[in-house]
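Working notes, structure below.
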Amino acid sequence: MPKMRFQALAESRKRKPTPISETGKRSELFAKNVFDEEKMLQFLTREAFDNVKSAIFQGSKIDRKIADQVAEGMKAWALSMGATHYTHWFQPLTGATAEKHDAFFDILSDGRAMEKFGGAQLVQQEPDASSFPSGGIRNTFEARGYTAWDPTSPAFIYKTTLCIPTIFVAYTGEALDNKAPLLRALNAVDQAATDVAQYFDKNVRKVHATLGWEQEYFLVDKALAKSRFDLTTTGRTLVGSFSAKGQQLDDHYFGVIPPRVLSFMSDLEKECTKLGIPVKTRHNEVAPNQFELAPVFEEANLSVDHNLLLMDVMEEIADRHQFSVLFHEKPFAGINGSGKHNNWSLATDTGVNLLSPGTTPMKNLQFLAFFVNTIKAVDTYEELLRSSIASASNDHRLGANEAPPPIISIFIGKQLNNVLDELEGVSKGKLSPEEKTELKLNVVGKIPEILLDNTDRNRTSPFAFTGNKFEMRGVGSKMNCAKPMTILNTIVAKQLTDFKKEVDALIDKKKLKKDEAVFNVLREYIKTSKRIRFEGDGYGMEWQEEARRRKLSINKNTPEALQVLTNKESIDLFKEMGVMSEVELKAHQEVELGAYIFHIQIEGRVLGEMVYNHIIPAALQYQNMLLTNINGLKEVYGAAHKKVADPQLTILEQIAEHVLQLKKLTDEMTDARQRANGMSNSNKKAQAYCNNVKPFFESIREHSDALEKLIADELWPFTKYREMLFSK
C-alpha cells in the first residue's frame, strides 16, 4: 500500500490541464442534444406537436396513434444526430439513474434490416424489476415492472443513445421510483396553488414549482482517489489525520480556480449546455478542493432530471480530466461537507413568482398568503420535511461545520418578522376602515419589491427565505432532489388546500370580504406557526434546548428521522393529496432503512479490513524498526541505553497501546455488526447499526489517526489528507 500511495503521488504531480475544444457561444450550443420545442416543430406533425404540448401543460393523455407519430419524429431526429440506440431513462429507489439500451435496428420478416422505433416503444417498456429495491411491494421472483414516458421532461441524446425520461412502476401500479411521487406532488401543488392564486388574479390557470439547486462536490486526482479503497468503496475516508492546513485561512473560497479544475469545468459546461442543463455559476467552495456549480431556475421536475443527468456527466468528464468527483456529503473529516441547497418557489403561467413581493398592496397580500402558508406547512410537517434529507452519508454532514443542524427551523429576517408581528395583531372578524387602511398602506403596502439584500444570511438555517424563494439547505450533495421536493410540494399543497377552505368558509358563512377573510386566516397561521421561526445560531446545546421547549422534533440520525413516514398523519396526508399510498410509503421507508443498514455495514467491513490488513501491519513494522534501533543502542551504550533511547521507547509504548485498542475496538465492532445482522426487523436492525455499530467508527479512527502521526511517513499505507486535499 505505501508503494501504491507514492506511485499515485508521483503520477498526480505530472498532471497538466486537459485541453478542450473551443466551445463558442453557449447560446448556440444550448439544448443541441435535446428534443425540445424547436426540434418538435421540425420533426413532428402539427397534430403530434399540439398533443405533446397539451400533455405537458394540461396533463392530457397521448393516444397510441399520436404516440406513433411522435416516435417516428423522435427517431428521425435521433438518427440525424448519430444515435444508434434508445433507452427509457428512469430513477429507481437506488437514488441513482437506470437505463437499458435497445438498438433502433430490427429485422423484418423478409430478412431485410431497418431502423425501427414506434409508439409502443416510446410510451412503455418492461425492464426487469426484480433486482431494484421495492421495499416489499413485490417478490424478487416477480420481475415485472414498467417504465412509462414522461412527456413533461424532454428526451435527449447522450453519446449515441436517445434517452427518454420515464416513471417506473410495479405491475400492480405502485411507484418503484422517485419520479412518479414527485409528479403527483407537483400536480397537487399546482391545483392547490392555482385555486389560491385566483383570489388575486382570475387569469391564472396553472402554477408550477420551480427549483434551483446548488451542486457542491470535491475533486481529487484519480490516482490519489484510487489509492484509498475506503474512498472508492464507501465514498468517504474512514481514517485520516487532519491536515495541518485545512480551510482555516479561508483562502480557497471564491479563490482563483486551479487550471486543471477550470479545464474540467469548461468541458463540463460545454456538455451540459448541449444537454439543455442551464449551468450558470461556478466557483471554489470553502474546503480545499471543493467546488460548486449552479444552474438557472427551472420547473421542478425538469430541474430534478437535470441534476441527476449532471451528476452522471460530471463523473464521465472528471474521468476524462484524470479526476475523481466526490458527491459524498462528508468525504473528509474536519472540513466542510457538501450540500445541494434546493431553492424553491412557485410561479404562475402568467409569469408571476408567488414568493416575490410586488409593487401594490394586492400583490403583497398575494405574496403574504403564499409566504405564510409555506411557513405554516413547514411548521405542521417539520418532522416529515426532516425525513426527506435523511441518509447515512448526510448524517455525517448535518450539524457539522457550515451545514445546518438536523432540527428544522425557518429564517425570514428582521424585516419580514416585523411584518408578521404586525399582522398577528389584526383583530378577529371584520376590520374597521382604519385597520384596513393601516394594513394595506403601512404594513402590507410597505413590503419592498425586492427583499434579496434587506437582511443578512443565516448560514445555519435549514429553511431560509432568501428574497423571492425558500432555500432548503439540508439536502445532501449526492441526494436525488425528488425526495425533498416531493415532500415539500405535498405539504404546501395540503396547507394551501386547507387555507382556501378556511377563507371560503369566512366569506360564505361569516360574510367577510375576501381581504378580511385572508387576513384573519393568516393571522391565526402566524400565531400557530411562530415556533418554527428562528433567527439565531442553530449550533450548540442552547438551540437544542430551545427546540425542545418549542416542541420541535430533534431527530439526529436517519433511523429516527424515517419513523415519521408511516405514522397515521403522514399516511393520511399523502393519501389525501394523491401522492403516495400507504403501501408505497411503507415501501419507501423500508428501502431507505435498508440503504442505511447496507451503507453502515459496508463501512464497517471496509474499516475492519483497513485495520487488520494495513494499519496494524504498518504499526508492527515500525515497531520492529524501533526495536532494532533500541537493541543497537543497547549494544553500544549498555545499561545507559535507556536514557538515549527514551524517545524511541516512548513511541514504542504509544504504538503498542494504540494497536491494542485498535484490535479490541475492531473486534467489538465486528461482534456488534454480526449481532445486528441477525435481526430481521429493518427498523430494529437500522437502530442497532446506528447505536451499536457506528459509534465504534470514531473510536477506531481516533487510534488510527494517532498512529498515522507516530509512524514513519514512508510506511503509512494510505494517501494522507494533505496529499489529497492540496493536489492541484
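Just so it is clear, the model here is predicted, and its values are computed rather than measured. No hydrogens, no waters, no symmetry mates; every other heavy atom, side chains included, goes into these values.
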Describe, in one word, how the ring planes of Phe104 and Phe117 are oriented to each other, choosing from parallel (under 30°), tilted (30 to 60°) and perpendicular (over 60°).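 Geometry flag for Phe117 against Phe104: perpendicular rings.
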Taking the six-membered ring for Trp, are Phe470 and Phe463 parallel (under 30°), tilted (30 to 60°) or perpendicular (over 60°)?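 Ring orientation of Phe470 relative to Phe463: parallel.
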Residues Thr87, Ile164; criterion side-chain contact (heavy atoms from CB on, under 4.5 Å); working and verdict: CA-CA 6 Å; Thr87 184; Ile164 303 159; over 6 Å; no
Taking the side chain as every heavy atom from C-beta outward, state whether [X] and [Y] have any atom pair closer than 4.5 Å.
X	Y	answer
Met479	Glu329	yes
Asn468	Leu355	no
Tyr158	Leu275	yes
Phe327	Glu315	yes
Asn178	Thr486	no
Lys32	Ile157	no
Lys478	Ser393	yes
Arg282	Glu292	no

Without hydrogens or angle criteria, can the side chains of [X] and [Y] be said to hold a donor-acceptor pair below 3.5 Å?
X	Y	result
Glu590	Asn683	no
Tyr146	Gln125	no
His88	Glu99	no
Asn307	Gln215	yes
Trp89	Asp305	no
Glu471	His341	yes
Asn187	Arg184	no
Ser477	Glu216	no
Thr350	Asn203	no
Ser54	Ser60	yes

For a side chain to side chain donor-acceptor pair (under 3.5 Å) with Asp498, tell me which candidate from Lys494, Gln495, Lys500, Lys501 qualifies.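 It is Lys494, the one option of Lys494, Gln495, Lys500, Lys501 that forms the side chain to side chain donor-acceptor pair (under 3.5 Å) with Asp498.
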Between [atom1] of [X] and [atom2] of [Y], what distance do you get to the nearest 0.5 Å?
X	Y	atom1	atom2	value
Arg205	Thr348	CZ	OG1	11.5 Å
Leu562	Ser387	CG	OG	6.5 Å
His101	Thr161	NE2	OG1	4.0 Å
Lys685	Ile597	NZ	CD1	5.5 Å
Ile66	Thr45	CD1	OG1	6.0 Å
Arg64	Leu122	CZ	CG	9.0 Å

Under the salt bridge (charged side-chain N to carboxylate O under 4.0 Å, His left out) rule, what do Glu383 and Arg386 come out as? Steps first, then yes or no, please. CA-CA 5 Å; Glu383 192 169 15; Arg386 163 67 180 96; over 6 Å; no
Tell me if a side-chain donor or acceptor on [X] pairs with a main-chain N or O of [Y] at a distance below 3.5 Å.
X	Y	answer
Thr497	Ala493	yes
Glu316	Asp312	no
Ser303	Leu211	yes
Asp267	Ile20	no
Asn373	Phe499	no
Lys340	Cys481	no

Yes or no on side chain to side chain donor-acceptor pair (under 3.5 Å) for Gln601 and Tyr689, after CA distance, side-chain angles and deciding distance? CA-CA 8 Å; Gln601 184 185 77; Tyr689 262 100; 3.2 Å; yes
Is the number of heavy atoms from other residues, nucleotides or ligands within 6.0 Å of NZ (Lys65) greater than 12?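 Count not over threshold, so no.
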Can you confirm whether His599 is buried at NE2, in the sense that more than 12 heavy atoms of other residues, nucleotides or ligands lie under 6.0 Å from that atom?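 No - once you tally the heavy atoms of other residues, nucleotides and ligands closer than 6.0 Å, there are 12 at most.
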Residues forming a side chain to side chain contact (heavy atoms under 4.5 Å, CB included) with Asp190, sequence neighbours excluded: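 Partners of Asp190 by the side chain to side chain contact (heavy atoms under 4.5 Å, CB included) criterion, ordered by chain and then number, come out as Thr194, Lys206, Val207.
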Trp213 vs Leu293, test: side-chain contact (heavy atoms from CB on, under 4.5 Å). Steps then yes/no. CA-CA 9 Å; Trp213 35 263; Leu293 64 80; 3.7 Å; yes
Kindly determine whether Asn301 and Leu183 satisfy side-chain contact (heavy atoms from CB on, under 4.5 Å), including the steps that lead there. CA-CA 7 Å; Asn301 177 47; Leu183 290 174; 3.5 Å; yes
Could you work out, with side-chain hydrogen bond (donor to acceptor under 3.5 Å, both in side chains) as the rule, every residue matching Asn567, not counting sequence neighbours?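 Only Ser570 meet the side-chain hydrogen bond (donor to acceptor under 3.5 Å, both in side chains) criterion with Asn567.
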How far apart are the C-alpha atoms of Thr234 and Glu603, what are their side-chain angles, what is the distance that settles it, and do they pass the side chain to side chain donor-acceptor pair (under 3.5 Å) test? CA-CA 6 Å; Thr234 72; Glu603 287 189 350; 4.5 Å; no
Apply side-chain contact (heavy atoms from CB on, under 4.5 Å) to Leu310 and Val279, showing your working. CA-CA 10 Å; Leu310 170 94; Val279 292; 4.3 Å; yes
Lys61 bridged to Asp63 by N-O distance under 4.0 Å: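 Asp63 and Lys61: not salt-bridged.
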Please determine if Asp36 and Lys39 form a salt bridge, counting it only when a charged side-chain N lies under 4.0 Å from a carboxylate O.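 Here Asp36 pairs with Lys39 in a salt bridge, since their nearest N and O are under 4.0 Å apart.
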Working note: Asp150 + Thr166, criterion side chain to side chain donor-acceptor pair (under 3.5 Å); need CA distance, chi angles, decisive distance, verdict. CA-CA 5 Å; Asp150 170 21; Thr166 61; over 6 Å; no
Check against salt bridge (charged side-chain N to carboxylate O under 4.0 Å, His left out), Asp102 and Lys100: CA-CA 7 Å; Asp102 286 299; Lys100 174 176 73 92; 3.5 Å; yes
I'd like to know whether the aromatic ring centres of Phe132 and Phe168 sit less than 6.0 Å apart in this structure.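 So the answer is yes for these two rings.
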Take Lys568 and Asp572, measure what salt bridge (charged side-chain N to carboxylate O under 4.0 Å, His left out) needs, and give me the verdict at the end. CA-CA 6 Å; Lys568 186 179 185 303; Asp572 291 345; 2.7 Å; yes
Apply salt bridge (charged side-chain N to carboxylate O under 4.0 Å, His left out) to Glu174 and Lys586, showing your working. CA-CA 11 Å; Glu174 290 93 357; Lys586 289 180 177 179; over 6 Å; no
